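Since this is a predicted model, take the numbers as computed values, not measurements. Start at 1 with the first residue, then count along the sequence.
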Amino acid sequence: MRIHRLEVEGFGPFRDRQSVDFDAFADEGIFLISGRTGAGKSSILDAVCFALYGNVPRYEEGDKRLRSDHSEPGDPTQVVLEFSTGDRRWRIERSPEFDRLKRRGGGTTIQAPEARMFEWVDGSWQGRAARPRDVGVLLDEILGLNQQQFLQVILLAQNRFARFLLAKNDERQTLLRTLFATRRFEEYERAFEQRRKDAGEAMALQNQALLSDLEQAEALLDETPLPGAGEGEPANLDLAVRLGHVQQGALRARHIVETATAEEATATAAHAAAEKRSAELVAQAEKQQRRDRSRAALQALEARAGAIRGDRAEFADAQRAEALRPAIDGARKALVALTAATAREASAREAWLAAGEEDAGPTELDALVSTLTREVGEWSAALPAERGIPGAEADVARFEAALALLDARLAEADASRLGLPARIAALDDALADATRAGAGAEDAADRVRELEGRRGAAAEAATLLKAAWVAERAAMDAGSAFRAASAALDELRERRLAGYAGELAEALVAGESCAVCGSLEHPSPAPRGGDPVTPEAIAEAEAAKGAALAADVAATRHLRAAEQATADAAARAGGQSADELDGLLADARGAASAASEAATRAEALRADREALVAEAATLQELRESVAAERSITLAQLAAARGSLEHARRTVEAARGDFAGVGERIRATERRIGLAAELADVLRATARLADAATAAADDLEERLAETGFDDLASATAALREPAVRTALDARIREFDAQLAAEKATLMPLELEMLPEHLIDTEEAATALAVAEALWRSAVTARAQAEQRADVLADAAARAEFAYDAIAALAAEVAVIERLAHTVSGRAPNTRRMKLETFVLAAELEEIVAAANVRLGEMSGERYSLQHSDALAARGAASGLGLEVLDRYTGRPRPAQSLSGGETFLASLALALGLAEVVTGRAGGITLDTLFIDEGFGALDAETLDIAMRTLDELRQGGRTVGVISHVEAMKEQLPAQLLVEVTPEGWSAVRQATLAATY
């Protein structure tokens, strides 16, 4: 992966859009990201990480302040990153969530996060993803690295560099688990542990099932307790002994079933014989009883024969008369109908003549009804018009009143509009003057803010100047003190050298060799001085010089810092004094106040003008609306007047000599009714007279056919349907009973049964005894069989459970040992979990790759080694790291390294980790690398070693970016990305290539 270009706007300390061309550093291979503390060097790397993953490592917890505090509400916030993988080039545009101005109305609203991704194809950017989620999925396919891996292999971020080296076992496991995705091994551990628990529970359930089966079977045993079993303690015996006892009990129960089955068969045969004898006697006794009952019933039927003959004759006459019933009823009904019609005809004729009409036949009456009905239809069309005349008159009056009201409203609207144009013109003139006066309000306010900042800087410069004077005096004093301490040390050393001869002479012993020349004789030893200088005095003087030197260096640094701060403040003040700026600031504030007042006045005038314009528009809309309504009302009035006139003409024609149309129609409808009724009854009377004559003739003919002498005898023979049905039912029932009794009695008489009744009690008693014995035998056999089946089933289940437990116990032992081993419990002597074991192998590979770098950087003194030693107090182990010191030949904790040594070891470990993780991620090539960590902790020699290592990283076309403020690195790295703070407070980026100084 190679990063080509980065653009940031409204992000972190960068307000305006900044661009970084990483390809410009490709020739150098390594470049420095430099700038003052807090300028935003690390924000460059934050932007790279945010573009790829939508997150920033330093904001993993707490408030995610990604949007620049310098941005205005309407300014955008965006990060754009261009990178390539293989031969494909990509571009990401991403924005975080932030508050923006509402597009409509006032206030702000939350702008949702956005992300888009493009690919460079055929000379243009082609869209590939347009949502944060889709961009994340596509990046995962392209990069093959998650954020944690990216921060370990490409962007070595601040505060993360030494974390892996100094981490505890659990912390290192968490990081490695994320990088190598080994959480699945933890799932394996949980699965094994769950399987162990399940196996244990299954074993317990099997034991419980076996005990339950044994207890159930033992409860069915009615023999003596098991040998050796105390009272109520069968569970204390061996399970095999208890199982054997149950099996023997099952065999004995089966033998009892066989005995009970034989006894049941004997009882069944005896019961069948008794039942057969009893059934035969009972059957003969029942036949005797049926014979006697049939004899008595036959005698009773013969006594009713005379009455049944009378019923037969009555039923025959009723059947002949029933054939005449329709003719009799028809003649009677025709006579009744003719009588009623004659009465109605007389009544209708009387009503017709009373109405002043002349007598007429049906034909003349029908013609009159037709003529009158047609006239009523013509007059009915005028009824709605007659009923609508009052409403039409009211409509005309209402529209006339509405028209008068609308004319008044039009006059009022025209009067209100007369003065508005002049008032608007006056406001336009005043608004133009106020707008010109307030046009520079914003520039004036900016000028005030600028002068206030410069005034504060001028005051700060005056204060810092005094501090610089004090620092300069302190530096002079410290320099004088250092020179005095140095001169005192030189004087003591000279005196010490001068007194060396006397000291040696005092140590000479006669006969012993001289330490200088080796002579055994000492003819003229040098005398010792009067004021000798001791080594302790020299040491004190050296310490004093060292302290003075440190004080001098510190004072000099303080002086330079004070001078730089004073110069910076003076530059921000623009080289002017506080008094000069006070005058400028007073003028600017006055101008700003006047412009602000004019702008405020312009806003008020603009609001007044908008109100008048709105009022004029409202009045115009009102007049147009009233005018349109007046036109509609005028048309409605004309239509109402026309409708009223037409209705009056229609009603006048239909009313005739009557007071109203309705009255004329009702009078005519009465004549129509009388004429129609008289015509109907005349025709009905003639029709019914013909029908009565025909019915009388038909009845005479039917009487002769049925054999009745006259109508009276036929009428006397008629019976109602219920009576005829009852006669027929009695006759049929008598005949059926007589036939049935004869059929029953005949076979019983032929059997020649004795006349005295047969006794069945003795046979019944014998049958009851045999049945009781049979039922007892059946119950005994069923109970024995049920007990034997239950006991056999319980014994079989117990035997099966006993065999299953033996196999399950062996399986449980294997599962339990395996679960304990992968979970780091005994028999695992290293207390190393399965996941830790896998990660330990990865860690060994990382250490091997890191030692290649660390050996070079430490002059082969240090190397890392993986430790799987047991941790104290049962803590997790297996992922320890130690540092082997070749000087001592013994390992020691990484925490014992100095700051510079920790940096070298962390850098080597980070590069080794990057190499291994890259290989695991599919052989990703790392063409761009960023390092943001403590080069300031290195001395000159170690820094040079680290720089050589970084220089080797750029081999093969790789580009390495380093963040540091160390001056030596600025001198050694000509390619630099400078992050500078502008006078306004936000940061800007500048790329530069300086001439190398080495």
Side-chain angles (χ1 to χ4, degrees), residues 311-381 658 662-729:
D311 289 341
R312 291 182 193 278
E314 182 181 357
F315 180 72
D317 291 342
Q319 288 293 89
R320 286 189 298 116
E322 189 64 29
L324 296 174
R325 185 186 293 275
I328 295 172
D329 291 342
R332 183 173 57 249
K333 290 179 180 178
L335 184 58
V336 172
L338 178 59
T339 303
T342 302
R344 288 198 301 275
E345 178 184 344
S347 176
R349 179 175 282 107
E350 181 182 358
W352 175 252
L353 296 175
E357 302 290 346
E358 295 181 357
D359 195 7
T363 303
E364 292 84 356
L365 292 172
D366 289 341
L368 179 60
V369 167
S370 177
T371 301
L372 294 176
T373 301
R374 184 177 62 256
E375 291 177 349
V376 167
E378 294 173 355
W379 301 333
S380 296
F658 290 85
E663 182 178 348
R664 186 178 188 183
I665 290 175
R666 286 190 293 273
T668 305
E669 286 176 343
R670 282 194 297 273
R671 290 186 69 199
I672 292 173
L674 292 173
E677 182 180 2
L678 179 58
D680 290 341
V681 297
L682 288 173
R683 281 190 288 267
T685 301
R687 185 176 64 254
L688 290 174
D690 294 339
T693 301
D697 294 342
D698 180 65
L699 178 59
E700 288 294 331
E701 293 178 2
R702 289 180 180 274
L703 282 172
E705 293 174 357
T706 54
F708 288 100
D709 296 334
D710 51 24
L711 178 61
S713 60
T715 303
L718 286 172
R719 296 290 183 272
E720 293 298 323
V723 174
R724 295 197 310 275
T725 301
L727 289 171
D728 185 54

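- Sorted by first and then second residue, the side-chain hydrogen bond (donor to acceptor under 3.5 Å, both in side chains) pairs involving residues 717-729 (not counting sequence neighbours) are Glu314-Arg719, Glu322-Arg724, Asp728-Arg732.
- Legend: residues meeting side-chain hydrogen bond (donor to acceptor under 3.5 Å, both in side chains) with Arg312, ordered by chain and number and at least two apart, are Asp735.
- Here salt bridge (charged side-chain N to carboxylate O under 4.0 Å, His left out) pairs that include residues 662-674, with residues two or more places apart or in two chains, are Glu357-Arg671.
- A search for side chain to side chain contact (heavy atoms under 4.5 Å, CB included) contacts involving Ala334 returns Ala692, Ala695, not counting sequence neighbours.
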Only pairs under 3.5 Å count here: list side-chain donor-acceptor contacts from residues 361-372, not counting sequence neighbours, and write none if there are none.
{"unit_1": "Glu364", "atom_1": "OE1", "unit_2": "Gly361", "atom_2": "N", "d": "3.2"}
{"unit_1": "Asp366", "atom_1": "OD2", "unit_2": "Arg683", "atom_2": "NH1", "d": "3.1"}
{"unit_1": "Thr371", "atom_1": "OG1", "unit_2": "Ala367", "atom_2": "O", "d": "3.2"}

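- Minimum heavy-atom separation, Leu674 to Ala355: CD1-CB, 3.8 Å.
- Within the structure, side-chain hydrogen bond (donor to acceptor under 3.5 Å, both in side chains) contacts touching residues 334-352 (residues at least two apart or in different chains) are Glu345-Arg349, Glu345-Thr685.
- Here CG of Leu718 is found 11.0 Å from CD of Gln319. Values are rounded to the nearest 0.5 Å.
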